[in-house]
Amino acid sequence: MRRRKLMAQINVVPFIDVILVLLIVFMIATPALRTGEIDLPSVGQPLSTTQGDPIEVTIKADGTLALRDGATTSRDKFTRASLVSRVATMQQAKERPVVIAADKNVKYDEVVSLLSALHAQGVKRVGLVAKEGG
């Protein structure tokens with residue numbers, strides 16, 4: 001009687017089947033993982049001329065609010081409610097951007113509450129001003 005010699009080979013067919021199934025699962029699942037998309041501006045793209053200068057809301061270190069519309073700065077003393085209603089009426093005519101410039105010593109809570117008050121009045125396109133560099 002003849003003895004059989006043992007063969008030591010790896011069967012890779014099941015391994016390839018598993019890899020292909022995983023590849024298909026990941027190809028289907030990847031597009032569903034996108035939670036949110038944002039539209040970022042491109043560098044070098046100029047603002048359209050119809051937008052005009054932004055409306056600038058300034059929060060000073062002592063908490064006073066100021067409003068600048070293009071080149072003119074309002075000398076009026078504003079409360080938060082009066083400033084928000086004034087910005088809302090200024091933005092109704094055309095979709096001008098609104099920027100909030102706050103002193104670095106102003107509490108973050110004050111900036112966020114002003115931002116939420118502007119959004120509650122329907123003001124769109126609100127941004128924050130930051131100093132470049134240091």
Side-chain angles (χ1 to χ4, degrees):
M1 189 158 166
R2 233 169 128 197
R3 276 182 98 182
R4 264 195 173 170
K5 189 176 181 185
L6 290 175
M7 292 180 52
Q9 293 182 350
I10 297 175
N11 191 0
V12 294
V13 174
F15 178 71
I16 292 173
D17 289 342
V18 169
I19 295 299
L20 287 176
V21 168
L22 287 175
L23 179 68
I24 292 170
V25 166
F26 285 131
M27 286 172 55
I28 292 172
T30 301
L33 293 177
R34 294 185 187 165
T35 56
E37 293 183 19
I38 57 174
D39 187 20
L40 295 175
S42 299
V43 175
Q45 209 175 30
L47 292 174
S48 65
T49 56
T50 59
Q51 287 178 338
D53 291 331
I55 302 167
E56 184 175 326
V57 177
T58 307
I59 306 173
K60 297 181 181 171
D62 59 357
T64 58
L65 299 169
L67 181 65
R68 193 171 103 197
D69 180 20
T72 60
T73 303
S74 178
R75 303 252 185 247
D76 300 337
K77 298 268 183 182
F78 290 104
T79 62
R80 178 173 287 132
S82 65
L83 182 116
V84 168
S85 64
R86 178 107 182 252
V87 169
T89 56
M90 289 171 71
Q91 196 191 41
Q92 279 179 351
K94 46 184 173 172
E95 292 278 327
R96 291 176 60 194
V98 178
V99 293
I100 299 174
D103 189 273
K104 69 178 180 179
N105 296 323
V106 172
K107 290 184 179 180
Y108 182 70
D109 182 47
E110 293 179 36
V111 176
V112 171
S113 63
L114 177 64
L115 187 63
S116 67
L118 286 169
H119 280 290
Q121 280 292 330
V123 176
K124 297 176 181 156
R125 301 185 62 206
V126 181
L128 301 174
V129 176
K131 186 169 91 173
E132 191 173 323

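Nothing here was measured: the structure is a model prediction, and the numbers come from that model.
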Could you tell me whether a side-chain N or O of [X] sits under 3.5 Å from a main-chain N or O of [Y], the two making a donor and an acceptor?
X: Thr30; Y: Met27; answer: no
X: Arg96; Y: Asp53; answer: yes
X: Glu110; Y: Gly63; answer: no

Path from [X] to [Y] over hydrophobic side-chain contacts below 4.5 Å:
X: Leu128; Y: Val84; answer: yes
X: Val99; Y: Met90; answer: no
X: Ile24; Y: Val18; answer: no
X: Val21; Y: Ile28; answer: no
X: Phe15; Y: Leu23; answer: no

Checklist entry - Going from CG on Leu65 to CD1 on Ile59, what distance comes out if it is rounded to the nearest 0.5 angstrom? => result 6.0 Å
Considering all heavy atoms, the nearest [X]-[Y] contact:
X: Val111; Y: Ala102; result: CG2-CB, 3.7 Å
X: Gly122; Y: Gln91; result: O-OE1, 4.4 Å
X: Ala61; Y: Val106; result: CA-CG2, 4.0 Å
X: Arg80; Y: Ser113; result: NH2-OG, 3.3 Å

Checklist entry - In the hydrophobic clustering (ILVMFWY, side-chain contacts below 4.5 Å, transitive), which residues join Ile10, or is it alone? => result Val12, Ile16, Leu20
Checklist entry - So which pairs with a foot in residues 81-93 pass salt bridge (Lys or Arg N to Asp or Glu O under 4.0 Å), sequence neighbours left out? => result Asp76-Arg86
Item to check | Side-chain touch Leu83/Leu114, heavy atoms, less than 4.5 angstrom | outcome: yes
Next on the checklist: So, applying side-chain contact (heavy atoms from CB on, under 4.5 Å) with Ile100, which one of Val112, Leu118, Ile55, Val129 is it?
Outcome noted: Leu118
